[in-house]
> 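This is the structure, below, for whatever I ask next.
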Amino acid sequence: MQLTLYPFELKFRHTFTISRKSKDVQPLLVVKLEQDGFSGLGETADNSYYNMTVPRLMDDINAHRSLIEAHTLKTPESLWELLYPLFKTNLFALCAIDLAAHDLYAKMQGKKLYEVWGLDISSNPLTDYTIGIDTVENMVSKLKEFPWPIYKIKLGTKEDIAIIQELRKHTSATFRVDANCAWGVEETLKNAAAFKSLGVEFIEQPMPAADTEGMRRVYEQSALPLMADESCITEADVPLCHGLFHGINIKLTKCGGITPARRMIAQARQLGMQVMTGSMNESTVGTSAVAHLLPYLDYVDMDGPLLLAEDTSDGVKIIDGRIIYADRPGTGAILK
C-alpha cells in the first residue's frame, strides 16, 4: 500500500464551546491508503483533552510507515490487528488508518461499505445538530439560524435549566443534553427532573468518568436516560458502563476506528444497552465513514460538517437530519 497524510485546520461557523473549553478552528488529519489502483480515505481529529495534536498523529503514523506500506490489504480487521500493538497508545491515529482501510476494502469490492456488511439503510436514525455553550441569547440565535428536528445542547453552566427553558420557547424539536462531565450527583438529578418535561430525550455524560459511585446513584434515580461518552472510550469500557448508563456513545476517533466500534456495538447490545456514535468535529471524510454504521444505531451525532465553515471533501450530505449517501463505492468521500 501507499500512505499519504493530509493535515487540515478548518474554521468553525461559530466559536464552539463545551463545559471545559472553546475553539474557533478544528485541526484534522486525513489519511489516504492506495493499493491496486484503488484509494481509501480516513480521518482523525486533534483533541487537547486527550493530548492529541496533528503533529503527534503524523509522527506516530510516520514511525510505522514502512510496515503499513509493506502490507497488502486483505481485510480492514487484519490490518487493525496488525497495527494495534503499535498504536495502542494512539488510537486516534489508528482510527484514521482503519477508516481508510474500510473505504479502500469496499471500493476494491465495488460496493458501498454498508453493502459489504449487508445492512438495510431504510430506517436510519436522524442526526442531531449541536448548540454549543454561549449566552442564552446567542444559543437561541444559533437555534433559529439552523432549524433542525433534533438538537444536542451543550451545558455545564450555572443557568442550565433556564437555558433549556428558554430554548424550548423557540422550537418543538427534540433536545439532547451533553454536560461533558460538568455536574455532580444532586445537580444531575435536579436537572434531569426539570428537563423531562422540557422535551429532553437523554443526558450525555453528566459527571466525571472517575465518579462511578456517583453515576450509580444517578443511574438508579435519574428521570431521564443517561448516555456514556467520556466513560466509554474503548472496548474494555463497555461492560464497565453497564449499570451506570443506559447507553453508550462511541467515538470512532477515541476507540480506534470502525473495527473496534462494531465490536463495541455488539457488546452493548448483548448487555441490553442503547448505542449511538458521536462527532469529534470531523469533516466529511470521517462523517461519511460514521454514516455506514447508522443501521446499527439508536441515535447518532454526526454534525461535524454542519458546524464547520470549511470542509476537506465531498461525501455524505445531511438534510434536515437525514443522511444521504454519496453515489460512490466505499464510504463515498473524495477529497476536494
> How far apart are the closest heavy atoms of Gln35 and His71, and which atoms are they?
OE1-O, 4.1 Å
> Are Leu143 and Leu198 co-members of a hydrophobic cluster defined by side-chain heavy atoms under 4.5 Å apart?
yes
> Linking I/L/V/M/F/W/Y whenever any side-chain heavy atoms sit under 4.5 Å apart, do Leu83 and Leu252 land together?
yes
> Is a side-chain donor-acceptor pair under 3.5 Å present for Thr157 with Asp160?
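The criterion, which ignores hydrogens and geometry beyond distance, is satisfied for Thr157 and Asp160.
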> For Glu34 and Ser39, which heavy atoms make the closest approach, and how far apart are they?
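Looking at all heavy atoms of both residues, the closest pair is CG-CB, 3.7 Å.
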> Could you walk me through whether Asp327 and Lys112 pass side-chain contact (heavy atoms from CB on, under 4.5 Å), step by step?
CA-CA 8 Å; Asp327 190 19; Lys112 295 180 174 66; 3.6 Å; yes
> Flag yes if Leu91 and Ile61 sit in one hydrophobic cluster, no otherwise; membership is Ile, Leu, Val, Met, Phe, Trp, Tyr, and two members link when side-chain heavy atoms are under 4.5 Å apart.
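Leu91 and Ile61: one cluster.
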> Is it the case that the side chains of Glu282 and Thr253 hold a donor-acceptor pair, with the cut-off being a distance below 3.5 Å and no angle test?
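A pair is found: one side chain offers a donor N or O, the other an acceptor, under 3.5 Å apart.
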> Against Thr130, only a single residue in Asp178, Asp303, Asn281 fulfils side chain to side chain donor-acceptor pair (under 3.5 Å); can you say which?
Asp303
> Just wondering, more than 12 heavy atoms not from Arg269 lying within 6.0 Å of its CZ?
yes
> Does a side-chain N-to-carboxylate-O contact under 4.0 Å join Lys11 and Glu310?
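Not counted as a salt bridge, because no side-chain N and carboxylate O are separated by less than 4.0 Å.
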> Between Val300 and Met276, is the side-chain contact (heavy atoms from CB on, under 4.5 Å) condition met? List the steps.
CA-CA 5 Å; Val300 67; Met276 71 181 291; 5.8 Å; no
> With the threshold set at 4.0 Å, does a side-chain nitrogen-carboxylate oxygen contact exist between Glu230 and Lys251?
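Between Lys251 and Glu230 there is no salt bridge, as every charged N stays at least 4.0 Å from the carboxylate O atoms.
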> Do NZ/NE/NH1/NH2 and the carboxylate oxygens of Arg263 and Glu81 come within less than 4.0 Å?
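The answer is yes: the pair qualifies as a salt bridge.
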> Side-chain contact test, heavy atoms from C-beta onward, threshold under 4.5 Å: evaluate it for Asp128 versus Phe175 and give yes or no.
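Side chain of Asp128 against side chain of Phe175, heavy atoms only: no contact under 4.5 Å found.
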> Is there a side-chain contact between Glu43 and Phe8 (heavy atoms, below 4.5 Å)?
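They are not in side-chain contact.
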> Are there over 12 heavy-atom neighbours, none belonging to Gln109, within less than 6.0 Å of that residue's CD?
yes
> For the side chain of Thr15 and the backbone of Asp24, is there at least one donor-acceptor N/O pair under 3.5 Å apart?
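Checking the backbone N and O of Asp24 against the side chain of Thr15, no donor-acceptor pair under 3.5 Å is found.
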> Are the side chains of Pro149 and Thr174 in touch, meaning some heavy atoms are under 4.5 Å apart?
no
> Any salt bridge linking Asp103 with Arg328? Criterion: basic side-chain nitrogen under 4.0 Å from a carboxylate oxygen.
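Salt bridge: no.
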> For Asn62 and Leu5, work out which heavy atoms get closest and say how close.
OD1-CD1, 3.6 Å
> Please tell me whether Ile324 and Ile121 are part of a single hydrophobic cluster in this structure, the criterion being side-chain heavy atoms less than 4.5 Å apart.
no
> For Tyr129 and Phe146, take the angle between the two ring planes, folded into 0 to 90°, and tell me which bin it lands in: parallel under 30, tilted 30 to 60, perpendicular over 60.
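The arrangement is parallel - the two ring planes meet at less than 30°.
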> Between Lys190 and Glu187, is there a salt bridge with N-O shorter than 4.0 Å?
no
> What are the two closest non-hydrogen atoms of Met1 and Leu79, and how far apart are they?
CE-CD2, 4.0 Å
> Can you tell me if Arg176 uses its side chain to pair, donor with acceptor, with the backbone of Ile150 under 3.5 Å?
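No; zero donor-acceptor contacts below 3.5 Å.
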> Should we say atom NZ of Lys158 is surrounded by more than 12 heavy atoms from elsewhere, each under 6.0 Å from it?
no
> In terms of side-chain heavy atoms, does Asn180 have a donor or acceptor partner in Tyr49 at a distance below 3.5 Å?
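No, because no side-chain N or O of Asn180 sits under 3.5 Å from a partner of the opposite role on Tyr49.
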> For Ile258, does its backbone N or O pair with a side-chain atom of Trp80 as donor and acceptor, under 3.5 Å?
no
> Can you find a heavy atom in the side chain of Asp301 that is under 4.5 Å from one in the side chain of Tyr299?
no
> Is it the case that Tyr50 and Lys254 place a side-chain donor and acceptor less than 3.5 Å from each other?
yes
> Mind listing the closest non-hydrogen atom pair of Met58 and Leu29 along with its distance?
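For Met58 and Leu29, the tightest heavy-atom pair comes out as CG-CD1, 3.7 Å.
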> Regarding Thr53 and Asp46, do their side chains bring together a donor and an acceptor under 3.5 Å, going by distance alone?
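There is no such pair (donor and acceptor under 3.5 Å, judged by atom type) between the side chains of Thr53 and Asp46.
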> How far apart are the closest heavy atoms of Phe245 and Pro206, and which atoms are they?
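Where Phe245 meets Pro206 most closely, the heavy atoms are CE2-CD, 4.4 Å.
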> Would you kindly confirm whether Ile133 and Ile131 end up in one hydrophobic cluster when ILVMFWY residues are joined by side chain heavy atoms under 4.5 Å apart?
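In one cluster: no.
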> Measure the shortest side-chain to side-chain distance between Ile163 and Leu167 over non-hydrogen atoms and say whether it is less than 4.5 angstrom.
yes
> Ignoring hydrogens and geometry, is there a side-chain-to-backbone donor-acceptor pair from Trp148 to Thr127 under 3.5 Å?
yes
> So Phe202 and Asn249, do their side chains get closer than 4.5 Å, heavy atoms only?
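Result no, sub-4.5 Å side-chain heavy-atom pair not found.
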> Taking it one step at a time, do Glu220 and Arg217 satisfy salt bridge (Lys or Arg N to Asp or Glu O under 4.0 Å)?
CA-CA 5 Å; Glu220 292 169 353; Arg217 286 179 57 198; over 6 Å; no
> Under a 4.0 Å threshold between the charged nitrogen and the carboxylate oxygen, would Lys142 count as salt-bridged to Glu145?
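Between Lys142 and Glu145 there is no salt bridge, as every charged N stays at least 4.0 Å from the carboxylate O atoms.
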> Is it the case that atom NZ in Lys336 sees more than 12 heavy atoms from other parts of the structure closer than 6.0 Å?
yes
> For Thr259, does its backbone N or O pair with a side-chain atom of Glu77 as donor and acceptor, under 3.5 Å?
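No, the answer is negative, given that no donor and acceptor are paired below the 3.5 Å cut-off.
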> Below 4.5 Å, heavy atoms only, C-beta onward: do Met52 and Met280 meet side chain to side chain?
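With C-beta onward as the side chain, the pair stays apart.
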